[in-house]
Amino acid sequence: MPEATIPTVVLGNATKIPVLGLASWGWSESAPDSITQSVKDAIDLGYRFFDTTPGKNEEEIGEAIFAKIKEGVVKREEIYLIGKLGDSKAFHKPELIKEALMTTLRHLNVAYLDMYVIDCPEGNSMFSSDAFVDTWYEMEKLVDNFLVKSIGVSNFNEELIKHLMNSARFAPAVNQLECPPSYTQRSIRDYCREKRIFITGYNITASSSLIEDPVILDLAKKYSKTAEQILLRYQIDMGHIALSQLQTKMQMKNNLEIFKFELSKGDLLAMEKLDRRTKIYT
C-alpha cells in the first residue's frame, strides 16, 4: 500500500488529475539516486502524477513505471502522465506533431498520455498565435484518436488563450505557469479560473529564492513545516495543481505532509504581498 493518497481534482473535460505531481525537467545528474529509482520511490510513496519533458529522462521514467506495473504496485490507469510538445519546429509544421508524440510514447513505453502540453517559452516572439492555432487543431486530433486524454498549454497569456478558444473544439485543460508568491500572475490566473482552465504551478520556490524569505520562514515556524511545504501548500490553497521536483525519497515523503494542514486566508494574503512581478524562467 502507498504511504499516502494524493487528492484529485476534476478538469474541465471531466477527467481527474492529482493535485500534486512530480516534474523531471529539474532533475540533477548529481543526485545520489538515479531518476529511475526516484520515480520508483515516488510511486511507493503514493505519487501518481509525473510531468515529463522530451530529452529529460523520458526513457528512465518509463522504465520505472513499467517496473512498478510489472510488480503489481500500480496499474497504468492509476498513473497520470503529462508529455510535452517541446519541439519548436512542430509548432509551425503540424504534420510533425503526431510524430513528436509517438516518440514520447515510445520513450515512456505507454500507449497513451493523460495530457499533452504545448511547451511554450513565455514571451517568445518566434511563435505567432496563428501558428499555435494550427498546432492546437492537430493536438485535438490526438484526443480524437485516443492517443491523449487531455491537451493543455504552458506559459500562455490571456491573448494566446483567447485566440485558441475562438476556434478550438477543446479548451486547454491546464495552463502551466511559474506562479510562486513572488510572481503571482494574477490576471492570467483569474482568467483561467473563469474559463475552468486549471493552473499548474511550477517553480514553486522561485528557484529557492523564497526559501529564506522572512514571511515564509515565519509561516514555516507557525505551522511547524518547512518553507518548501508552505510554498507547496500555497499552490493547493490557491486552487492550483502543484508541480514539485523529483527529489530524494525523504524529500518527496516530507512534501506529502502538505495534506495535513491548510494555510489561513490571512496567511495566503500575506504571501500574495510578496509579489514582485519578477519571473525566473523565460
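- Between E159 and K162, none of the side-chain N atoms (NZ, or NE/NH1/NH2) sits under 4.0 Å from a carboxylate O, so this pair counts as no salt bridge.
- Between the side chains of N255 and Q251, not a single donor N or O lies within less than 3.5 Å of an accepting N or O.
- Taking 4.0 Å as the cut-off between side-chain N and carboxylate O, D144 and K141 do not count as a salt-bridged pair.
- No donor-acceptor pair under 3.5 Å is formed between the side chain of S208 and the backbone N or O of I211.
- Using a 4.0 Å cut-off between a side-chain N of Lys or Arg and a carboxylate O of Asp or Glu, R186 and D275 qualify as a salt bridge.
- At distances below 3.5 Å, at least one donor-acceptor pair connects side-chain atoms of W136 with backbone N or O atoms of F170.
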Show your working on side-chain contact (heavy atoms from CB on, under 4.5 Å) between I43 and V39 and close with a plain yes or no. CA-CA 6 Å; I43 291 173; V39 173; 4.1 Å; yes
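- More than 12 non-hydrogen atoms from other residues, nucleotides or ligands lie less than 6.0 angstrom from CZ of R193.
- E228 is not listed as a side-chain neighbour of N254, based on a closest heavy-atom distance of 4.5 Å or more.
- Remark: the Y191 side chain and the N175 side chain contain no N/O donor-acceptor pair separated by less than 3.5 Å.
- For the pair I65 and L108, the minimum side-chain heavy-atom distance is 4.5 Å or more.
- Atom NZ of K68 sits about 9.5 Å away from atom CZ of R48, to the nearest 0.5 Å.
- Partners of F261 according to the ring pair (Phe, Tyr, Trp, His ring centres under 6.0 Å) rule, which considers only residues two or more places apart in sequence or in another chain, are Y223.
- Of all the heavy atoms in M271 and Y234, the pair that sits closest is CE-CB, 3.5 Å.
- Put simply, the side chain of E78 gets close to the backbone of K75: a donor and an acceptor are under 3.5 Å apart.
- Ionic pairing of E138 and K98 is not present here: no N-O contact between side-chain nitrogen and carboxylate oxygen is shorter than 4.0 angstrom.
- How far OG1 of T248 is from CD of Q37: 12.0 Å, rounded to the nearest 0.5 Å.
- In this structure the side chain of L232 reaches within 4.5 angstrom of the side chain of S244, judged on heavy atoms.
- Linking Ile, Leu, Val, Met, Phe, Trp and Tyr whenever their side-chain heavy atoms come within less than 4.5 Å leaves V10 and M115 in two separate clusters.
- Nearest heavy-atom pair, I216 versus A227, reported as atom, atom and distance to 0.1 Å: CG2-CB, 3.7 Å.
- Inspection of the S38 and Q247 side chains reveals no N or O donor paired with an N or O acceptor under 3.5 Å.
- Closest non-hydrogen pair, L81 versus V110, comes out as CD1-CG1, 3.9 Å.
- V117 pairs in a side chain to side chain contact (heavy atoms under 4.5 Å, CB included) with only one of the listed residues (L85, T52, I82), which is I82.
- Listed for the Q229 side chain is a donor-acceptor partner under 3.5 Å among the backbone atoms of T226.
- Looking only at side-chain heavy atoms (C-beta outward), Y116 and L147 stay at 4.5 Å or farther from each other.
- To the nearest 0.5 Å, the span separating NE2 on H107 from CG on N109 amounts to 11.0 Å.
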Verify side-chain contact (heavy atoms from CB on, under 4.5 Å) between C179 and R189, making sure each step is shown before the conclusion. CA-CA 9 Å; C179 54; R189 181 183 75 187; 6.0 Å; no
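- Here the side chains of I151 and E140 are in contact, with some heavy-atom distance below 4.5 Å.
- Electrostatic pairing of D114 and R76 counts as a salt bridge here, judged by a charged N lying under 4.0 Å from a carboxylate O.
- A continuous path of Ile, Leu, Val, Met, Phe, Trp and Tyr side chains, each step under 4.5 Å between heavy atoms, connects F156 with M165, placing both in one hydrophobic cluster.
- What you find for P54 and T104 is that their closest heavy atoms are CG-OG1, 4.3 Å.
- For residues 231-240, the salt bridge (Lys or Arg N to Asp or Glu O under 4.0 Å) pairs, not counting sequence neighbours, are R233-D237.
- Between S24 and E58 the shortest side-chain heavy-atom distance does not fall below 4.5 Å.
- Here I230 contributes atom CD1 and K225 contributes atom NZ; the two are 8.5 Å apart, rounded to the nearest 0.5 Å.
- For the pair K260 and E257, the salt-bridge criterion is met [side-chain N within less than 4.0 Å of a carboxylate O].
- Using modelled atom types, one side-chain atom of T103 and one backbone atom of E99 make a donor-acceptor pair closer than 3.5 Å.
- Sorted by first and then second residue, the pairs that involve residues 8-20 and meet side chain to side chain donor-acceptor pair (under 3.5 Å), not counting sequence neighbours, are N13-T15, N13-S150, T15-S150.
- Without hydrogens or angle criteria, T184 side chain to P181 main chain gives no donor-acceptor distance under 3.5 Å.
- Criterion: ILVMFWY side-chain heavy atoms under 4.5 Å apart, direct or through other members. Under it, V74 and I17 are part of a common hydrophobic cluster.
- Following chains of ILVMFWY side-chain contacts shorter than 4.5 Å, one can reach I97 starting from Y137, so the two form part of one hydrophobic cluster.
- Taken from CD1 in I69 to CD1 in I79, the straight-line distance is 6.5 Å, to the nearest 0.5 Å.
- A salt bridge does not link D44 to K249: none of the charged nitrogens lies less than 4.0 Å from a carboxylate oxygen.
- Following chains of ILVMFWY side-chain contacts shorter than 4.5 Å, one cannot reach Y112 starting from I61, and the two form parts of different hydrophobic clusters.
- Within the 4.5 Å cutoff, the side chain of L22 has no heavy atoms near those of the D51 side chain.
- A 4.5 Å side-chain heavy-atom check between L160 and V153 finds every atom pair outside the cut-off.
- Looking at every heavy atom in both residues, A270 comes nearest to V215 through O-CG1, 4.4 Å.
- Here CG of L210 is found 7.0 Å from OG1 of T205. Values are rounded to the nearest 0.5 Å.
- Contact record, P180 with Q235: CA-NE2, 3.9 Å, taken as the closest heavy-atom pair.
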Between H163 and E158, is the side-chain contact (heavy atoms from CB on, under 4.5 Å) condition met? List the steps. CA-CA 8 Å; H163 199 67; E158 291 175 55; over 6 Å; no
Audit row: L217, E212, side-chain contact (heavy atoms from CB on, under 4.5 Å) steps and yes/no: CA-CA 6 Å; L217 290 176; E212 298 297 328; 3.9 Å; yes
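- For the pair Y47 (side chain) and L246 (backbone), a donor-acceptor distance under 3.5 Å is absent.
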